[in-house]
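Working notes, structure below.
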Amino acid sequence: MPELPEVESLRRMLEQSACGRRIVAVHIREPRLRRRVASTFDRMIAGRTINAVRRRAKYLLVELDGGITLLGHLGMSGSLTHRGQDFCDGEFDPAHDHLRFELDDGTALVYNDPRRFGLLKLVCSSELGAVDELRALGPEPLEEAFSAQYLFEKTRRRRVAIKNLLMDQHVVAGIGNIYACEILFGARVRPGRAAGRITRAEAERIVVHAKGILAQAIGSGGTTFRNYRDSRGQPGRFATSLQVYGREGERCFVCRTPIKSKLLGQRSSFYCPCCQR
DNA sequence: CTTATGGCCTGTCAGC
DNA sequence: TGCTGACAGGCCATAA
């Protein structure tokens, strides 16, 4: 379940290990992801050098020379591992290793995705703003545009639960179920509260904790709850810092009250019934 | 416009 | 033991 911190951790590693490398070939074993991977991939990509690795929300943007960018989304279970040499062991997973990008130093970037919810497509580097997936995204949560004033205004006259609003990529981009739960625990706000009833002070706390928790999670290499892996095949280390996610029935670290879980729009929401109001 | 719901997809696990 | 159904949840299409 890669969210912003996991994608950012991956981006930083790939920036170190893959930037400047030339992609010599692309092998597609299974093109059926959320949308079918274009059969022109190898022809379009082979021979191009990786100039930069960027991120927008949960999207990874691999900028190639010649004005083409590889847009990637890991969906639920996707991973991009750098295999060969002293990187990842390169354990073969023939059932789920769907694409393989061979690099000029003999290593390879392998896209693995058991549930195939991911996305890989090529876009024009000069027209990223016009790309469907990126066009309507809200501000990055770690940038100044995501302020208490901004969030407060976005919540006005909205009946949707505050947690669902935080996960709405049009409002703020990059937050998923795990971090939405953690942010609301930090802000001491119940996930099911109507967004429109959030106070100015609560909006302030939500923004402060969103920035703090996401930054801390990036520093820990993200969260591995089930199967997220970084480009070296290693799990993230933030799972041990989780306060509520996945802890139903266990005691709140602050007040010892058992953590509750409740479905909110088909998604489990974890919260402390005592600390969060 | 807002909000709710179902579909995609497969590995895992509880329960019978 | 092996089957069935629920669940995990990213994003999108569709409906009300």
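These numbers come from a predicted model, not from an experiment. Reckoned from all heavy atoms, side chains included, excluding hydrogens, waters and symmetry mates. Labels below follow one simple rule: chain letters A, B, ... track the order of the sequence lines, proteins then strands, and each chain is numbered from 1.
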Worksheet, complete the sentence: Scoring nucleotides 1-7 of chain B by protein non-hydrogen atoms under 4.0 Å (B base, S sugar-phosphate only, - none) yields -SS--S-
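With rounding to whole Å, A/Leu74 atom CG is found 15 Å from B/dC9 atom C1'. The nearest whole Å value for the distance from the NZ atom in A/Lys262 to the C1' atom in C/dC7 is 19 Å. Taking atom NE2 on A/His96 and atom P on B/dC9, their separation rounds to 13 Å, with Å as the unit. For A/Tyr59 and C/dG10, the OH to P distance is 12 Å, given to the nearest whole Å. The separation between A/Leu137 atom CG and C/dC11 atom C1' is 11 Å, rounded to whole Å. In this structure, A/Glu248 places its CD atom 14 Å from C1' of C/dA8, rounding to the nearest Å. The CG atom of A/Leu71 sits 13 Å away from the C1' atom of C/dC11 (whole-angstrom rounding). In this structure, CE of A/Met167 is placed 12 Å from C1' of C/dA8, rounded to the nearest angstrom.
Take the nearest nucleotide of DNA chain C for A/Ser261 and for A/Glu133: the residue whose nucleotide is more 5' is A/Ser261.
Under the salt bridge (Lys or Arg N to Asp or Glu O under 4.0 Å) criterion, A/Glu140 pairs with A/Arg55, A/Arg56, not counting sequence neighbours. Qualifying salt bridge (Lys or Arg N to Asp or Glu O under 4.0 Å) partners for A/Glu15, counting only residues two or more places apart in sequence or in other chains: A/Arg11. With sequence neighbours excluded, the residues satisfying ring-ring contact (aromatic ring centres under 6.0 Å, His included) with A/Phe270 are A/Tyr245. For A/Glu30, the side-chain contact (heavy atoms from CB on, under 4.5 Å) partners are A/Arg32, A/His98, A/Arg116, not counting sequence neighbours. Taking the salt bridge (Lys or Arg N to Asp or Glu O under 4.0 Å) definition, one finds that A/Arg115 meets it with nothing, sequence neighbours left out.
Counting only N and O atoms by type, the side chains of A/Ser231 and A/His82 include no donor and acceptor under 3.5 Å apart.
The salt bridge (Lys or Arg N to Asp or Glu O under 4.0 Å) contacts involving residues 154-171 of chain A comprise nothing, where partners must be two or more places apart or lie in separate chains. Here ring-ring contact (aromatic ring centres under 6.0 Å, His included) pairs that include residues 19-66 of chain A, with residues two or more places apart or in two chains, are A/Tyr59-A/His73.
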In residues 215-225 of chain A, what donor-acceptor pairs under 3.5 Å come from side-chain atoms, sequence neighbours left out?
from, atom 1, to, atom 2, distance (Å)
A/Ser220, OG, A/Gln216, O, 3.3
A/Thr223, OG1, A/Tyr179, OH, 2.6
A/Thr224, OG1, A/Tyr228, O, 3.0
A/Thr224, OG1, A/Gly236, N, 2.5

Taking only distance into account, with no hydrogens and no angle test, what donor-acceptor pairs under 3.5 Å do side-chain atoms of residues 249-263 of chain A form with protein atoms, sequence neighbours excluded?
from, atom 1, to, atom 2, distance (Å)
A/Glu250, OE1, A/Arg247, NE, 3.4
A/Arg251, NH1, A/Arg256, O, 2.8

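Over its length, the helix from B/dT2-C/dA16 to B/dC16-C/dG2 turns its helix axis by 50°, as judged from the five terminal pairs at each end, rounded to 10°.
The shortest distance between the side-chain N/O atoms of A/Arg116 and the OP1/OP2 oxygens of B/dT10 is below 4.0 Å.
A 6.0 Å sphere centred on CZ of A/Arg200 holds more than 12 heavy atoms belonging to other residues, nucleotides or ligands.
Looking at heavy-atom distances under 4.0 Å, A/Ser77 makes no contact with the nucleic acid at all.
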Please enumerate all protein N or O atoms sitting under 3.5 Å from an N or O of nucleotides 13-16 of chain C, with distances to 0.1 Å.
none

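Donor-acceptor pairing under 3.5 Å, judged by distance alone, is present between the side chain of A/Arg115 and the base of B/dC9.
Counting all heavy atoms, side chain and backbone alike, A/Ser269 lies closest to A/Leu264 at OG-CB, 3.3 Å.
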